[in-house]
Number of protein chains: 2
Amino acid sequence: VKPYRLYHYWRSSCSWRVRWALEIKKLPVEYVHVNLLDDETDRPEHRARNPMGTLPVLETPWGALLTESLPILEWLEERYPSGVSLLPQNSDDRFHVRRLAELVNSGIQPIQNLTVLDRISFDPQIRKEWSQHFIRQGFVAYESLCASRSGRFSLGETLTLADLFLVPQVYNAIRFELDLSSFPVIERIWKNGLATPECLRAHPDRFAPQG
Amino acid sequence: VKPYRLYHYWRSSCSWRVRWALEIKKLPVEYVHVNLLDDETDRPEHRARNPMGTLPVLETPWGALLTESLPILEWLEERYPSGVSLLPQNSDDRFHVRRLAELVNSGIQPIQNLTVLDRISFDPQIRKEWSQHFIRQGFVAYESLCASRSGRFSLGETLTLADLFLVPQVYNAIRFELDLSSFPVIERIWKNGLATPECLRAHPDRFAPQG
């Protein structure tokens with residue numbers, strides 16, 4: 001069987017979302033590391049894969065190039081509905097899960113990604129404060145909207161799409177030294193997410209460049 | 001029949017997306033204007049509706065408070081599947097439409113919204129250049145990924161979710177004086193979108209504060 005091919009960057013949270021989903025769906029994947037920091041995403045060969053220049057890009061075994069992590073996860077869910085599902089059956093629950101994911105997807109991640117930070121400042125302190133502000137603002141909303149129906153994960157005891165967005169964002173929050181003590185629900189989900197083998201197999205540490 | 005209630009701001013592109021979808025689905029709506037510029041979104045009564053503080057918020061006839069425009073549109077599509085559909089039947093086409101929408105949803109809008117601009121600068125020229133940069137970058141990708149399968153709309157001759165994201169973003173691009181001449185496909189879709197009665201009934205001009 002020809003595998004999927006994922007163009008990704010080890011520490012990109014959007015890459016982690018898709019690596020995690022591919023693990024959950026048990027799909028064979030060949031990883032191609034693209035170095036965001038070396039501007040490899042600006043090179044013509046990457047722009048040909050994705051005119052937006054972002055990561056990840058999922059190349060299917062039949063050669064289609066899929067970009068944008070949320071639509072990729074929705075597509076994987078539709079294409080591989082059996083086994084572990086990333087979305088609940090009930091439409092109102094699906095709304096709840098998608099809304100939580102969206103708080104990270106459009107509410108946090110785009111505002112603290114590398115291309116935006118590079119236009120703000122190259123001063124690490126300013127970058128940190130900017131990122132902390134927007135992550136905190138999103139986490140306040142996530143914690144509040146998630147709390148009453150949360151369990152081990154964002155919605156009850158079953159991992160969903162929302163967790164695939166939250167956990168990589170917490171990893172970024174920790175990198176930016178955000179104090180998580182006012183987010184006990186988020187911290188619990190972070191720990192429970194990291195305790196799943198699929199999440200660990202998709203974890204940035206496993207893909208960190210050597211040497 | 002008790003109507004939906006939409007808390008919105010006339011010129012917010014995310015509000016326009018949902019107004020437009022409600023028109024397409026022919027749902028009765030009562031509009032409540034919340035003034036973003038007067039910081040009405042920071043008041044406790046709005047934070048109680050939406051801890052993220054953003055607009056729009058859709059209150060259902062049974063009192064549920066729905067936030068985040070993309071999940072709201074997915075939910076409306078699932079709840080009201082008959083009549084005009086915002087997503088194609090085919091899973092690969094749905095991916096294509098969602099991916100285009102996503103270029104605006106997470107690729108452009110969050111980076112040039114009011115709360116971000118207010119942290120960048122209050123100098124109108126700097127705000128304009130910042131917004132132009134990120135809208136242009138997203139439009140380059142949209143134009144490229146959309147062109148080959150576009151027709152009157154982003155995917156062929158039928159309006160989809162992607163158009164509901166693109167058209168309000170073009171309205172913002174024009175406000176920020178972005179030169180659209182290198183985006184002929186986007187310009188065509190913009191004009192064709194504006195020629196539909198549902199889009200016009202949801203247009204910001206109809207909701208501009210008087211006086």
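Given the structure is predicted, the values throughout are model-derived calculations rather than measurements. In the text below, chain A, chain B and the rest are named by the order of the sequence lines, each starting its count at 1.
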Structural part of [X] lying under 4.5 Å from a heavy atom of chain B:
X        : answer
A:His96  : neither
A:Tyr142 : neither
A:Arg94  : side chain

Subject >> Pick from B:Gln137, B:Arg119, B:Glu143 with the largest number of heavy-atom pairs that fall under 4.5 Å of chain A >> reply: B:Arg119
**OP:** Hey, could you give me the OG1/CZ distance between A:Thr60 and B:Phe95, rounded to the nearest 0.5 Å?
**Re:** 10.0 Å
Original post:
So how far is it from A:Glu102 CD to B:Thr67 OG1, rounded to the nearest 0.5 Å?
Top reply: 9.5 Å
Best-contacting candidate, [options], against chain B by heavy atom pairs under 4.5 angstrom:
options                              : answer
A:Asn113, A:Thr54, A:Ile111, A:Asn50 : A:Ile111
A:Arg79, A:His133, A:Arg47           : A:His133
A:Gly53, A:Ser144, A:Gly138, A:Ser91 : A:Ser91
A:Val140, A:Leu66, A:Val97           : A:Leu66

**OP:** Take atom CD of A:Gln89 as the centre, draw a 6.0 Å sphere, and report whether it contains more than 12 heavy atoms from other residues, nucleotides or ligands.
**Re:** no
Original post:
For B:Leu73, is it the side chain, the backbone, both, or neither that has a heavy atom closer than 4.5 Å to a heavy atom of chain A?
Top reply: neither
**OP:** With a 4.5 angstrom heavy-atom cut-off, could you sort out which part of B:Ile108 is near chain A: side chain, backbone, both or neither?
**Re:** neither
Subject >> Within-4.5 Å side-chain heavy-atom neighbours: A:Leu70 and B:Ser106 >> reply: no
**OP:** May I ask you to test the A:Trp130-B:Ile120 pair for a side-chain heavy-atom distance under 4.5 Å?
**Re:** yes
**OP:** Over all heavy atoms of both residues, which pair between B:Trp75 and A:Asp92 is shortest? Give the atoms and the distance, please.
**Re:** NE1-OD1, 2.8 Å
Original post:
Is the closest side-chain donor-acceptor distance between B:Glu68 and A:Asn105 under 3.5 Å?
Top reply: no
Original post:
Under a 4.0 Å N-O cut-off, is there an ion pair linking A:Glu78 with B:Arg98?
Top reply: yes
